[in-house]
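Side chains are part of it too, since the values below use all heavy atoms of this structure and drop only hydrogens, waters and symmetry mates.
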Amino acid sequence: MIFLNHEKVSKKNDRLKEVLCIKNIIYKHKLLSILLAALFTTGVLMALVSLTWFPGAVPKSITVTEQNGIYDLSNITDLEKTVIKLAPVTTYYPNTYLMPANENTSVPESVDQFESIPAQYLSQRFILNLPDNSDTYALTFTLSGRHAMRVYVNGRLAGQTGKPGTTKLNTEVWENNITVDAAAEDGKMEIILHSAQFYHAKRGASLAELSLNKSGTVPDVFTFHRIKGMAVMGALLCAAVLLLGIYLILSRTRATLYFALACVVMALRECLQSQAWTYFLIHGNLSFMLEYLSVVLLTIFLSLYLGQFAIGKFLRVVQYTAILGSCIYGACILFGDSIFYTQVLKYYQILLVLCIVPGITVLFFKMRNPIKEQAAAMYGIAVFYLAAISDIVMYSDVLGDHTNTPISETAMLVFVLAQTVSLFQMNNRVLGEAKEAEQKLEVEKTALEDLNRLKTEFLGNVSHELKTPLTVMSGYAQTTKQLAGQPDTLDKGEVSRRMTLISSEAERLSLMVGQVLDVTRMEEGRMVMEPVRCYVDEIIHAAIETHYPILNKNRNRLDIRIEGGLPAVHADPARISQVVVNLISNAVRFTADGVITISVRKEYDKILICVSDTGIGIATERILHIFERYSKKQKSGGGQDTGTGLGLYICKHIVEHHGGEIWIESEKGHGTSVFFNLPVHQD
């Protein structure tokens with residue numbers, strides 16, 4: 001049993017290792033993984049689209065050729081769910097609108113002359129022999145490119161799309177197909193088709209192909225395409241609305257706006273290409289222009305969107321070239337004649353190929369290790385362009401002549417979905433960063449408000465503290481002057497005492513002003529340190545000798561405990577003396593009739609200095625903030641409130657600048673000990 005459990009655990013660990021190995025491979029080869037995923041998706045799309053063309057989904061078709069200008073369909077009895085395809089007619093009427101009244105007076109031309117006789121409008125004539133019954137047939141005429149068409153059946157107008165005319169001004173193009181319902185008369189159907197195309201430089205009126213089936217038995221394939229186009233257009237517009245909402249309400253990132261606009265243009269193009277535009281009140285000639293203009297707008301917006309991934313001078317040049325070329329061609333469409341901009345189209349296509357192929361190649365190379373949101377975008381780009389290449393190969397019949405099943409429309413939805421996911425991820429990141437920045441700003445705002453409040457309090461305290469020694473100095477100076485004016489009763493000892501007090505207050509005033517100036521220098525980075533090889537005991541003795549008699553006004557006793565044979569330190573004597581004086585000043589201010597102890601000893605590779613007192617101590621909650629700038633002052637126990645609240649802040653800066661540390665140990669009512677250390681000088 002133990003062996004079996006061990007074997008299960010071992011297999012589970014092996015599977016886990018395999019999964020981790022696959023994840024590591026994917027992580028190390030992100031670009032390859034993205035391209036393989038895109039290639040797999042393209043294959044799946046081709047398989048899914050081809051499912052709509054399996055034999056059961058396509059109606060059975062029969063191809064019939066003409067004999068002496070007549071298509072004989074009278075012997076075909078099975079017209080239920082069967083499409084009759086008529087082989088192209090052998091004659092046509094170039095630059096002529098053949099009418100039922102004069103159909104026998106015009107002389108046709110052989111279709112062999114079609115390439116040599118340019119024609120912007122023409123007529124075709126079909127004569128069909130059908131079973132002698134009352135059945136109604138659906139006649140579908142399909143041409144290459146947009147046309148204006150008119151159909152006569154047995155001398156009567158059966159249907160019209162657009163407006164066929166003899167000049168460009170009186171012609172309105174429509175779609176490339178027309179379906180009409182008609183019935184035979186006495187087993188015969190005479191059909192005349194007018195078609196006109198004045199709008200394309202390389203294509204005049206083309207010859208139509210005719211297919212026939214019993215009306216109502218075979219679904220109209222063009223209706224299916226229109227419905228599918230409406231569905232795709234709706235999906236694209238929903239994506240555009242969603243992205244525009246994100247842009248306006250949440251993020252304001254330009255990439256989101258550009259791709260939302262690209263979705264709108266994609267929806268317009270899908271509406272035009274699927275013939276869904278015929279359901280809207282759009283002029284045919286306008287739809288022709290919009291179809292070309294949609295390519296321009298789509299290129300511009302996608303170039304701007306892909307610009308977020310464009311890193312480097314080459315990609316920027318490619319991006320700006322594509323945008324500039326598109327703007328120039330767009331101007332040709334808006335202000336030029338259709339013949340002109342369809343003639344220029346080939347140069348625009350060459351420009352796009354020269355920009356897209358190297359641009360996408362370099363883009364993928366530079367982004368071979370994309371972040372999460374970029375990976376989704378690159379996946380969509382790869383699927384879209386692989387689908388476009390697949391369609392180009394398919395339409396060129398490189399792999400043989402077979403039914404064309406384009407996948408670009410479906411791939412476009414995958415492209416939009418991938419880019420939408422990428423933009424969602426990017427917007428989530430941007431919003432997260434914005435929220436984090438907002439929180440940081442809020443914290444900084446609170447800190448600045450607290451700092452401003454502390455500064456206000458500090459200025460008030462400093463004003464009061466500076467006024468106190470000035471008042472004392474002024475009072476003693478005036479009384480001393482009065483004593484000097486009475487030489488008979490002059491007490492030299494009293495004068496000396498008063499002058500000592502004046503000197504003491506002047507020293508205190510000097511210390512406070514020096515602290516304010518030092519903080520200003522520290523904040524501006526101008527505090528100068530001049531470290532030399534020196535001894536801490538000498539610095540402390542000099543500081544005590546100079547300052548302690550002046551600072552101590554509370555009858556405290558000084559106890560000095562300095563270990564002998566201390567090594568030298570590398571420090572600025574003046575700044576270390578400033579630290580000692582500040583600590584002594586604090587100790588005597590908060591201690592009355594007590595003991596001030598200064599101890600120095602070597603501890604490992606540092607010299608430890610301690611200034612302790614037997615004063616009122618510090619509350620535990622204040623110790624955490626005692627070294628902060630403008631920390632709130634504590635009332636002294638000896639009646640001396642002179643101080644700025646900056647002394648310990650300055651001491652911390654000086655000590656840490658020398659590579660040492662400073663800390664406090666204190667208990668309320670039981671005195672305070674301030675420790676700091678300095679590294680021993682390394683010879």
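Considering all non-hydrogen atoms of both residues, M189 and Y137 come closest at CE-CD1, 4.1 Å. A pairwise comparison of heavy atoms in S326 and T299 identifies OG-CG2, 3.3 Å as the closest pair. For R125 against V89, the heavy-atom pair with the smallest separation is O-CG1, 3.9 Å.
Comment: E175 does not engage R226 in a salt bridge, judged by the lack of any side-chain N to carboxylate O separation of less than 4.0 angstrom.
Between I381 and L306 there is a side-chain heavy-atom pair separated by less than 4.5 Å. For the pair H147 and S206, the minimum side-chain heavy-atom distance is below 4.5 Å. A heavy-atom distance below 4.5 Å is not found between the side chains of Y348 and C332.
The 12-atom threshold is exceeded at CD of E433, counting heavy atoms of other residues, nucleotides or ligands nearer than 6.0 Å.
Between the CD atom of E190 and the OH atom of Y152 there is a distance of 14.5 Å, given to the nearest 0.5 Å. Atom CG of residue L268 and atom CD of residue Q273 lie 10.0 Å apart, to the nearest 0.5 angstrom. Here OG of S195 is found 7.5 Å from OH of Y97. Values are rounded to the nearest 0.5 Å.
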* To do: Could you walk me through whether Q67 and D72 pass side chain to side chain contact (heavy atoms under 4.5 Å, CB included), step by step?
  => CA-CA 8 Å; Q67 299 291 332; D72 189 4; over 6 Å; no
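Between F288 and Y292, the gap from one ring centroid to the other is short of 6.0 Å. Aromatic pair F259/F415: ring centres closer than 6.0 Å.
Between the side chains of S116 and Q113, at least one donor N or O sits under 3.5 Å from an acceptor N or O.
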